Amino acid sequence: MPKPFSRRSQPRFIWWILIAYIVLQPIAPAVGGAQQLRGADSVRLDEKEGRFISRASGLAVARGGSIFVADNGNKAVLAYSPGGRFVRQFGKRGSGPGELESALQIALNGDTLLLVNNAARLRIEAFGVRDGKYKWGVALPRRPFSITSQGGVLRGASIEMGKNASIVEVRTPTGKPSVFGPLPEMIQRFPILGGPFGTVVHDDRLDRIAAMFEVSDYVYVWRRNSERSDSILVKKVRRRGTRQDLLQAAGRDTSKGIDALYKSSMPVAIGWLTDSSIAVVHSDVEYRGQLFEGQFFLSIVNTRTRLSCADLQLSVPRDPFPRFAFHGAALYALVQHVPEDGDALAYVVRFPMPSTCAARQR
């Protein structure tokens, strides 16, 4: 974000007004005629008394509007009221019960459990939402890139090459992991890509699962007990999309992997909006010096008509990376900004889904 004047010479509320003005605008034309999606409203998160978000790594929003932020810098999850007031902390740095060596993706199981991806130990840890107490933990065979939980079923998305699967499932808290789900053709042809290009995000709606893979421009949809999956193209309008030529080259010669890594889009969030519509957020990453920046795009796919509203550019800062979560018929983004004095501002922006689309394609 540009800094038109010194932070030290201005009251803090002026910074908040400027940030809100940039982010909270209606849908507007972007460069090239595509639509740009701006937030409808936002909530400033309380970071007083030395309590701040060091390295945001996950976001979840509860049915009542409560906000949960995974902070991998402090190895904890912070809970906030719908108005942004700090409520409690889940977990702390450590390796014992209720402690975290990492705090990455998070998920809510109704209003009772908070699930945390303790990836450093290949475990999912569960905490009580109301009391913050540690409940149980389960081990997974591999680090998941996304997690969901409903009823007594925990699911994580990761490439399981040896078993030709993409989803690991555990009936918590004492069940054993099982795997299922499709793999894109690119991974099947070049299994070596399942490591460096193995990012996959998923969401489930009852027994229906949707997944988006880093190596494909298709969203995959299937039912839990079915061996068949449907794949629907998410058209590329403004994002880079998947560079199949570069991925094939990397599959044949791993030294060429760096070209594919920074010239393709990556899925960072996915969510069911209705029984027939799925929304996906992609990032186009750029590496500048020692920093990563990104542009972010929202696409909505109708599973019945197979039409997609493709690549609405999200009005969020390029750095630090926002964290996204779908809840209901809206997308939420955790956005941070660090003024000159180093005191970070953190807020959650709500993006309602657009009612019109200038780039609806089959």
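Heads up: numbering here begins at 1 and tracks the sequence. Source: prediction; values computed, not measured.
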Q: Do S299 and H282 meet the criterion of a side-chain donor-acceptor pair at a distance under 3.5 Å?
A: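 Per modelled atom types, S299 and H282 side chains form no pair under 3.5 Å.
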Q: If you apply the rule salt bridge (charged side-chain N to carboxylate O under 4.0 Å, His left out), what do you find for D207 with R223, and how did you get there?
A: CA-CA 6 Å; D207 68 333; R223 292 190 180 276; 3.0 Å; yes
Q: Hey, could you give me the CD/CZ distance between E169 and R155, rounded to the nearest 0.5 Å?
A: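 Those atoms lie 4.5 Å apart.
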Q: Taking it one step at a time, do K236 and D311 satisfy salt bridge (charged side-chain N to carboxylate O under 4.0 Å, His left out)?
A: CA-CA 7 Å; K236 179 184 68 173; D311 293 350; over 6 Å; no
Q: Can you tell me if I192 has over 12 outside heavy atoms packed within less than 6.0 Å of its CD1?
A: no
Q: Ion pair present between R350 and D41, side-chain N to carboxylate O less than 4.0 angstrom?
A: yes
Q: Between the side chain of N117 and the main-chain N/O of P144, is any donor-acceptor distance below 3.5 Å?
A: yes
Q: Ignoring hydrogens and geometry beyond distance, is a side-chain donor-acceptor pair present between S158 and E160 at under 3.5 Å?
A: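 Judged by distance alone, the side chains do pair up.
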Q: Evaluate the ring planes of F68 and F90, with Trp represented by its six-membered ring, and classify them as parallel (under 30°), tilted (30 to 60°) or perpendicular (over 60°).
A: tilted
Q: Test your reading of the model: is there a side-chain donor-acceptor pair from R240 to the backbone of Y262, 3.5 Å cut-off?
A: yes
Q: Could you verify whether a donor N or O on one side chain and an acceptor N or O on the other, from S102 and N72, lie under 3.5 Å apart?
A: no
Q: Looking at N118, is its backbone amide N or carbonyl O close enough to the side chain of E101 to form a donor-acceptor pair, meaning the two atoms are under 3.5 Å apart?
A: no
Q: Centroid separation under 6.0 Å, is that true for the rings of F197 and F190?
A: no
